[in-house]
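All remarks here apply to the structure that follows.
Atom set for the values below is all heavy atoms of this structure, side chains included, hydrogens, waters and symmetry mates excluded.
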Amino acid sequence: MNTVRAIQSFFGPGVHPLFLAITFLGTSGVLWGLLFLYHWLVDPRFGRRLAIVFAASILANRILKNAFGTDRPYVSDSTLADPLAQRTGGGHGFPSGHTMNAATVYFAFAFRYRRPLLWLAALILVAAVGLSRLYLGVHLPVDVGGGLILGALFAWDAGAWSGTMQWPRRRLWVPLVGLAGLGVFYLGTALGNLGTDALPCGLLVGSLIAQADFEPPRTARGRLVIVAGGLVLLALLGGLLLWLPERIQPGLAYTVPASYLAGLVLAWVGLDVWPRLFVRLGL
């Protein structure tokens with residue numbers, strides 16, 4: 001608590017908007033967007049590999065938060081975080097989700113390419129995200145440190161994984177997807193936080209069943225089309241997956257089946273369906 005107060009006192013209130021902006025560099029939405037762009041434009045195989053690891057990292061973070069059940073700093077002292085800062089983080093404190101997300105993705109790219117400048121950029125980004133969580137008063141140092149260490153382990157796994165294993169044919173994954181969905185129900189019930197834990201489960205399964213057997217476009221027009229079309233498609237799909245269940249029954253979008261399905265569909269479409277459609281349409 002004293003460390004959080006010292007950081008806030010050192011930087012002062014004037015940089016609050018800056019740290020709010022920095023903290024979004026560790027949100028899962030921003031990082032999934034970055035991952036999709038990389039997948040479409042640079043290296044689909046590593047993009048899918050990182051998607052699998054990143055989804056597992058998010059799921060592990062949710063499980064650990066519920067397992068440790070630690071409070072955030074502003075629970076004991078509400079003056080440490082204003083309402084806007086508090087909305088950037090929900091649930092328990094340890095480990096920091098933003099820091100763990102940032103470490104998983106940014107360090108994974110550093111492990112993948114092993115370039116000094118990329119390592120420096122990754123270290124700066126992860127440190128900035130961690131510092132923002134402390135300054136905003138939504139995490140303690142132990143939360144940030146735990147998130148950094150765990151995220152680095154997931155990043156190492158993504159960067160060191162050879163990716164040479166052959167996956168079974170797509171039709172063989174159908175029963176596994178069904179079993180995974182059933183497992184989400186039991187996992188959500190055990191943890192008592194159904195919707196938030198079902199979403200990363202869906203992302204993980206969607207990433208697992210996706211295929212990464214396409215070549216990124218080489219022309220400027222092709223790159224523009226695959227990025228613009230993919231982002232629009234995912235935005236429309238995400239809105240539909242949120243709107244349709246709510247039309248059927250209020251609150252349905254945040255239950256286990258809907259959250260699980262949303263994560264699975266978004267990951268599968270972004271990593272597999274849209275690139276295949278892009279190729280088949282000759283775009």
Side-chain angles (χ1 to χ4, degrees), residues 24 27-59 62 90 97 101 105 167 170-171 173-174 176-178 180-182 184-185 188 194-217 221-283:
F24 278 101
T27 59
S28 58
V30 170
L31 291 172
W32 273 101
L34 174 64
L35 195 153
F36 282 133
L37 291 177
Y38 177 86
H39 180 80
W40 296 333
L41 298 175
V42 183
D43 186 350
R45 291 188 177 182
F46 182 69
R48 173 179 172 270
R49 185 192 322 171
L50 180 54
I52 294 171
V53 175
F54 186 32
S57 172
I58 297 173
L59 180 59
R62 302 289 175 84
N101 289 343
V105 174
W167 298 97
R170 188 187 305 273
R171 62 177 179 269
W173 283 98
V174 174
L176 295 181
V177 172
L182 182 62
V184 171
F185 281 87
L194 300 182
T196 57
D197 294 306
L199 180 63
C201 281
L203 291 170
L204 178 59
V205 175
S207 301
L208 282 169
I209 65 175
Q211 302 293 316
D213 53 356
F214 77 97
E215 292 295 328
R221 175 183 174 275
R223 292 169 182 169
L224 178 63
V225 171
I226 196 171
V227 169
L231 292 179
V232 170
L233 176 61
L234 290 176
L236 292 175
L237 193 58
L240 179 63
L241 291 171
L242 181 64
W243 173 82
L244 187 59
E246 290 299 296
R247 293 287 293 179
I248 298 173
Q249 179 182 338
L252 182 62
Y254 303 99
T255 60
V256 165
S259 295
Y260 173 77
L261 180 63
L264 188 154
V265 170
L266 289 172
W268 181 45
V269 169
L271 297 173
D272 190 335
V273 175
W274 168 238
R276 286 179 180 273
L277 182 62
F278 175 83
V279 172
R280 289 187 179 182
L281 293 177
L283 299 176

To the nearest 0.5 Å, tell me how far L242 CG sits from L237 CG. 11.5 Å
The criterion is ring-ring contact (aromatic ring centres under 6.0 Å, His included); which residues satisfy it with F54, sequence neighbours excluded? W32
Name the atoms and distances for all side-chain donor-acceptor pairs under 3.5 Å in residues 221-235, with sequence neighbours left out.
residue	atom	partner	partner atom	Å
R221	NH1	L283	O	3.3
R223	NE	P217	O	3.3

d(L261 CG, L241 CG) to nearest 0.5 Å is 6.0 Å
Within this structure, what is the CZ-CH2 distance for the pair F36 and W274, rounded to the nearest 0.5 Å? 13.0 Å
Indicate the atoms forming the closest heavy-atom contact of N101 with T27, along with that distance. ND2-C, 4.2 Å
With sequence neighbours left out, write down each residue that passes ring-ring contact (aromatic ring centres under 6.0 Å, His included) with F214, or none if nothing qualifies. H39
Do you know the tightest heavy-atom contact between S28 and I58? CB-CD1, 4.0 Å
S57 side-chain N/O to V53 backbone N/O, donor-acceptor pair under 3.5 Å: no
Set out, in order, the CA-CA distance, both residues' side-chain angles and the distance that settles side-chain contact (heavy atoms from CB on, under 4.5 Å) for L204 and I52, then state yes or no. CA-CA 6 Å; L204 178 59; I52 294 171; 3.9 Å; yes
Counterpart residues, side chain to side chain contact (heavy atoms under 4.5 Å, CB included), relative to D213 (two or more places apart): Q211, R276
Residues in side chain to side chain contact (heavy atoms under 4.5 Å, CB included) contact with V273, at least two apart in sequence or another chain: W268, V269
Of all heavy-atom pairs between G206 and I209, which one has the smallest distance, and what is that distance? O-CG1, 3.4 Å
Could you check if a side-chain atom of L59 sits within less than 4.5 angstrom of a side-chain atom of C201, using non-hydrogen atoms only? yes
Looking at every non-hydrogen atom in both residues, tell me the closest pair between L203 and A267 and how far apart they are. O-CB, 3.6 Å
Any donor and acceptor pair, going by atom type alone, linking the side chain of R62 with main-chain N or O of P200 inside 3.5 Å? no
Return each pair, listed once, that meets salt bridge (Lys or Arg N to Asp or Glu O under 4.0 Å) where at least one residue sits in residues 32-44; pairs must be two or more places apart or across chains. D43-R112
